[in-house]
Amino acid sequence: MPTPENRALETLKAAGVVAAPVDVEVVAKQMGCKVMFQALKSDLSGLLVNQPGNCLIGVNSHQSKTRQRFTIAHELGHFLLQHKGEMFVDGTVLRRDENSSRATDPQEIEANRFAAALLMPAEWVYAKLTENRKQSPNGSVEEVTSALASQFDVSSQAMSIRLANLGCLIPD
Ligand SMILES: [Zn+2]
């Protein structure tokens, strides 16, 4: 099995996505999943029904747009990484940091890694970071993170974790 990061890159390639922001709903559909938006309980982010010939991703429509995008990517990760189980239910408590250093279930950690890499591919993040640094050399960490977050259509929190995981220490 490829790493979650590599699987995410393969998925983008297969879907023909070459630039941020990734239209994750379109990617999920291209990978054969149905995506449904529904008002779920507030402590739920989303779920995946994973049966032979049937991939259904449910997203809590009450959550923020960026959260919904991360949820779709996370559920798609469970599906494409061939995680065992017919049903995955993901809550906000389990992955409140969106990259789940706190989650202990290896499948949840993998799905989060996949999601981060799908929405924020490392090479694209490096390129945008360099670009940003050129344009606003005096931008604070918060400003740069927020600019990148909006370019990738993810939350500032998710981008901040991604930057840290990629070893991009932004001197202030
Ligand atoms: Zn999950």
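Note that ligands are numbered from 1 as they come in the structure, with each ligand's atoms numbered from 1 the same way.
Side-chain contact annotation: Gln151 with Asn132, donor-acceptor N/O pair under 3.5 Å present.
Taking backbone and side chain together, Glu75 holds no N, O or S atom under 2.8 Å from the Zn ion (ligand 1). Not a single N, O or S atom of Asp105, from either the backbone or the side chain, sits less than 2.8 Å from the Zn ion (ligand 1).
Note on His74: its N/O/S atom closest to the Zn ion (ligand 1) is NE2. Note on Glu108: its N/O/S atom closest to the Zn ion (ligand 1) is OE1. When the N, O or S atoms of Asp90 are ranked by distance to the Zn ion (ligand 1), OD1 comes first.
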Could you pull out all donor-acceptor pairs under 3.5 Å where a side-chain atom in residues 52-63 meets a protein atom, sequence neighbours excluded?
unit_1 : atom_1 : unit_2 : atom_2 : d
Asn54  : ND2    : Gln51  : OE1    : 3.2
Asn60  : OD1    : Leu40  : N      : 3.1
Asn60  : OD1    : His62  : N      : 3.0
Asn60  : ND2    : Leu40  : O      : 3.3
Asn60  : ND2    : Lys41  : O      : 3.0
Asn60  : ND2    : Leu44  : O      : 2.8
Ser61  : OG     : Gln38  : O      : 3.2
Ser61  : OG     : Ala39  : N      : 3.3
Gln63  : NE2    : Leu44  : O      : 3.4

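Atom-to-atom distance recorded for Thr3:OG1 and Arg7:CZ is 10.5 Å, nearest 0.5 angstrom.
Note on Leu118 and Val26: separate hydrophobic clusters, where clusters join Ile, Leu, Val, Met, Phe, Trp and Tyr whose side-chain heavy atoms are under 4.5 Å apart, directly or indirectly.
Residues that satisfy the ring-ring contact (aromatic ring centres under 6.0 Å, His included) test with Phe88, not counting sequence neighbours, are His78.
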